[in-house]
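Inspection log for the structure reproduced underneath, given as structure tokens.
As a basis for the values below, the full set of heavy atoms in this structure was taken, side chains included, without hydrogen atoms, waters or symmetry mates. We number each residue from 1, following the sequence as shown.
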Amino acid sequence: MKKKNYSLEKASQGEMNSLQKKEYVKYKKLLEEMKCSCKSIDYKDMANKYNHCLSHISYKTIVCKSRICPYCSKKASQKWRAIFNKNINKFYEENKKNVFLSLTLTVKNCPLEDVKGEVEKMSKGFEKLLTRKTFQSLQNPEINPSKSDCSKKRFQGYVQGYVRKLEVDYSGPEEAHPHFHILLCLNPCMVGKNYICKNVLSLMWQEVMGLDYEPQVNMKRLKDKEQILRELNYFAKPLEIEENFWEGGKSFMVWLCKYEEQMKHKRDISFSGSCQELKKSAPYEKHPLQKATSYFWNGDLEDYVNYDSRRSTFPRAS
């Protein structure tokens with residue numbers, strides 16, 4: 001009598017909903033090809049991480065949680081968007097009177113091996129930017145700050161909090177483009193005469209970074225809750241791995257593995273001041289224990305078998 005093949009993969013897929021099945025089909029082929037590419041270019045650690053994610057999609061066991069994994073980066077993006085959508089109402093009600101600005105601070109493309117040092121330099125430059133003199137005195141040095149609250153001699157007196165997203169884009173096999181996307185929460189006195197223009201911001205960023213060129217910066221004001229939430233959802237977007245992989249192939253995988261080494265222990269999204277309310281997740285709640293699906297190894301079938309299934313009894317000895 002022919003033995004039935006009780007495949008763990010088939011049993012797990014039977015428990016998935018339709019959305020999970022679509023993700024399984026989409027990411028299984030992608031992760032398998034990325035794993036083969038990593039093996040061919042001698043990045044075995046990355047190949048093992050992708051293998052873990054394959055087992056997670058198939059068997060729901062473990063994940064690599066790597067920022068360069070398309071599956072894990074998408075899940076992390078969905079998590080951040082859920083947190084932002086949950087906390088935006090309370091945050092906006094508490095800071096409705098403040099002014100919100102969206103900043104983009106950039107530098108020129110740098111070699112991939114220098115990304116770590118360039119990111120550290122940009123972080124220090126941003127901290128220096130928060131301690132600059134008032135915008136009013138920078139735009140016109142002849143104007144002396146008044147005695148009002150918005151006339152403090154430090155820029156940090158204006159800032160109630162910020163959300164900073166570090167983004168590193170693929171610019172070629174040996175180059176990367178690091179830049180910051182920042183959401184600033186400022187005092188209401190920044191509206192009017194104290195509003196900083198784009199050219200002044202560019203000169204300030206050039207000075208604190210010590211650059212010999214004028215960098216490209218962008219600044220716009222966010223007027224309502226919907227615009228703030230749209231900006232936060234943009235911060236949560238994952239790295240464009242899948243598109244670049246199909247275009248670049250092995251050259252992009254080499255870039256991705258080196259990028260992982262350069263960005264080790266670097267935080268993608270940072271919060272400060274009043275904006276820390278945006279990252280608060282729901283408190284832990286104790287739920288009653290639920291019976292989970294368990295598997296055991298059947299030596300006769302040479303496969304994992306569902307322990308709770310009626311069909312997965314041990315075959316009788318012949």
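- Residues F100 and L184 have side chains not in contact (no heavy-atom distance under 4.5 Å, counting atoms from C-beta outward).
- Remark: K250 NZ is loosely packed, at most 12 non-hydrogen atoms of other residues, nucleotides or ligands lying under 6.0 Å away.
- For the pair K165 and F180, the NZ or CZ position fails the cation-pi test of under 6.0 Å to the six-membered ring centre and within 45 degrees of the ring normal.
- In the displayed structure, K121 atom NZ is contacted under 6.0 Å by more than 12 heavy atoms of other residues, nucleotides or ligands.
- Between P178 and C110, the closest heavy-atom pair is CD-SG, 3.9 Å.
- V200 is connected to L211 through a chain of hydrophobic side-chain contacts under 4.5 Å among Ile, Leu, Val, Met, Phe, Trp and Tyr, so both are in one cluster.
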Query - Step-by-step side chain to side chain donor-acceptor pair (under 3.5 Å) determination, K225 to N89 - result: CA-CA 8 Å; K225 180 176 64 176; N89 291 328; 2.8 Å; yes
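- Using cut-offs of 30° and 60° for the angle between ring planes, the H179 and H181 rings count as perpendicular.
- Enclosure of atom CD in E120 by more than 12 non-hydrogen atoms of other residues, nucleotides or ligands within 6.0 angstrom is indicated.
- Around NZ of K237, the count of heavy atoms belonging to other residues, nucleotides or ligands within 6.0 Å exceeds 12.
- Under a 3.5 Å cut-off, the side chain of S202 and the backbone N or O of K198 do not form any donor-acceptor pair.
- In this structure a side-chain-to-backbone donor-acceptor pair under 3.5 Å is missing from N95 to N98.
- No continuous path of hydrophobic side-chain contacts links V107 to L203 [ILVMFWY only; heavy atoms under 4.5 Å].
- Closest non-hydrogen pair, Y50 versus I68, comes out as OH-O, 3.2 Å.
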Report task. Show the numbers, then the answer: is there a side-chain contact (heavy atoms from CB on, under 4.5 Å) between F91 and C275? Result -> CA-CA 8 Å; F91 171 76; C275 291; 3.9 Å; yes
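- Checked by atom type and distance alone, the side chain of N87 pairs as donor or acceptor with a backbone atom of I83 at under 3.5 Å.
- There is a side-chain donor-acceptor pair under 3.5 Å between S102 and E231.
- Formation of a donor-acceptor pair under 3.5 Å by the S77 side chain with backbone atoms of S73 is not found in this model.
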